2 protein chains.
Amino acid sequence: MNKVQQYEEKAEILKALAHPIRLCIVEGLINNECNVTRMRECLDLPQSTVSQHLSILKSRGIIRGRRKGTEICYTVTSELVKELMKVLMNK
Amino acid sequence: MNKVQQYEEKAEILKALAHPIRLCIVEGLINNECNVTRMRECLDLPQSTVSQHLSILKSRGIIRGRRKGTEICYTVTSELVKELMKVLMNK
DNA sequence: CTTTAAAATCGTAATATACTGATAAGACGA
DNA sequence: TCGTCTTATCAGTATATTACGATTTTAAAG
């Protein structure tokens, strides 16, 4: 693979994580999956804001949502991100 | 420490890394320290651009520069960043 | 002191990201 | 179908980041 391209891809992943709200969301999701409304209460932010952060994470393949009735439950699917979070938050 | 504050700090580190040029610089510096001119040639970018990326990395405590005569040699000082890079680039 | 090479900083235009209210879409139960 | 709950998307503004030429600073060398 092209080196520049690789840097761009990795930078995209980091950019997706490089926001306090998204870090909070991702860390929360690594432990227990959660729907938007629950996150919203926890973060005290407008619903649209949470939803947009989720869509950024989703578009980068970091999380995935599965519908459960009327809610959508999200989980972290990227192993790379799980490992990065382990390193990032435990030091 | 405050949780929100912790997320903000970590996000700052990620933001500093979340750029293809800076990833390239940091990875290069982990292996062999290097001055701005050498990097500039390697990256094919204007001197001011490289210098500004370096100053972003420096302001976040990721790298440090030591003068060697007329040049300044940079090295990666953050152990956290070294570990993050290991995880990030080897998967 | 003056010159020169290297690196930092400034100014600014272009681009990208963030936030939020309003609205739309999807799923479910009455 | 209608109303409600949940989530997504849109539109607009505000804010931040990026890139790069021009200028300044720094320090070594003469």
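Throughout, protein chains are lettered first and strands after them, A, B, ... in sequence-line order, and every chain is numbered starting at 1. In this text, all values refer to a predicted model and were calculated from it rather than measured experimentally. What you see below is based on every heavy atom in this structure, not just the backbone, and it leaves out hydrogens, waters and symmetry mates.
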Could you state the [atom1]-[atom2] distance from [X] to [N], rounded to the nearest angstrom?
X: B:L43; N: C:dA7; atom1: CG; atom2: P; answer: 13 Å
X: A:I72; N: C:dG26; atom1: CD1; atom2: C1'; answer: 8 Å
X: B:Q47; N: C:dT4; atom1: CD; atom2: C1'; answer: 15 Å
X: B:L14; N: C:dT17; atom1: CG; atom2: P; answer: 15 Å

Does B:R22 use its side chain to pair, donor to acceptor, with the backbone of B:A16 at less than 3.5 Å?
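Yes, B:R22 side chain to B:A16 backbone: donor-acceptor pair under 3.5 Å.
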Between the side chain of B:K10 and the main-chain N/O of A:L88, is any donor-acceptor distance below 3.5 Å?
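Checked: pair present.
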Quick one: do B:K3 and A:E27 make a salt bridge, cutoff under 4.0 Å?
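Yes, this pair counts.
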Are any of the side-chain nitrogens in A:K15 or A:E12 under 4.0 Å away from the carboxylate oxygens of its partner?
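Looking at A:E12 together with A:K15, the answer is yes, because their closest N to O distance falls below 4.0 Å.
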Return the residues of residues 52-62 of chain B meeting this criterion: a heavy atom under 4.0 Å from some atom of DNA chain D. Order them by number, or give none.
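The answer is B:Q52, B:H53, B:I56.
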Of all residues at least two apart in sequence or in a different chain, which pass the side chain to side chain donor-acceptor pair (under 3.5 Å) check with [X]?
X: B:H19; value: none
X: B:K82; value: B:E79
X: B:Q52; value: none
X: A:E8; value: none

Between A:A18 and B:Y74, who's closer to the 5' end of DNA chain C by nearest nucleotide?
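The answer here is B:Y74.
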Let me know, please, whether A:S48 or B:V50 comes out on the 5' side of the other along DNA chain C by nearest nucleotide.
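Residue closer to the 5' terminus by nearest nucleotide: B:V50.
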Phosphate OP1/OP2 of C:dA7 contacted by B:R67 side-chain N/O (<4.0 Å)
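For C:dA7, OP1/OP2 do not have a side-chain N/O of B:R67 under 4.0 Å.
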Is the phosphate of C:dA16 approached by B:H19 (side-chain N or O, under 4.0 Å from OP1 or OP2)?
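Negative; the distance criterion is not met.
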I'd like to check A:V81 versus A:I63 (side-chain heavy atoms, cut-off strictly below 4.5 Å). Are they in contact?
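In short, these two side chains do not touch, never coming nearer than 4.5 Å.
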First-last contacting nucleotides on DNA chain D - partner chain B, under 4.0 angstrom, heavy atom:
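The protein-touched segment is D:dT17 to D:dA28.
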Heavy atoms from C-beta onward define the side chain here; which of C:dG21, C:dG26, C:dA18 lies closest to that of A:P46?
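Of all the options, the side chain of A:P46 is nearest to C:dG21.
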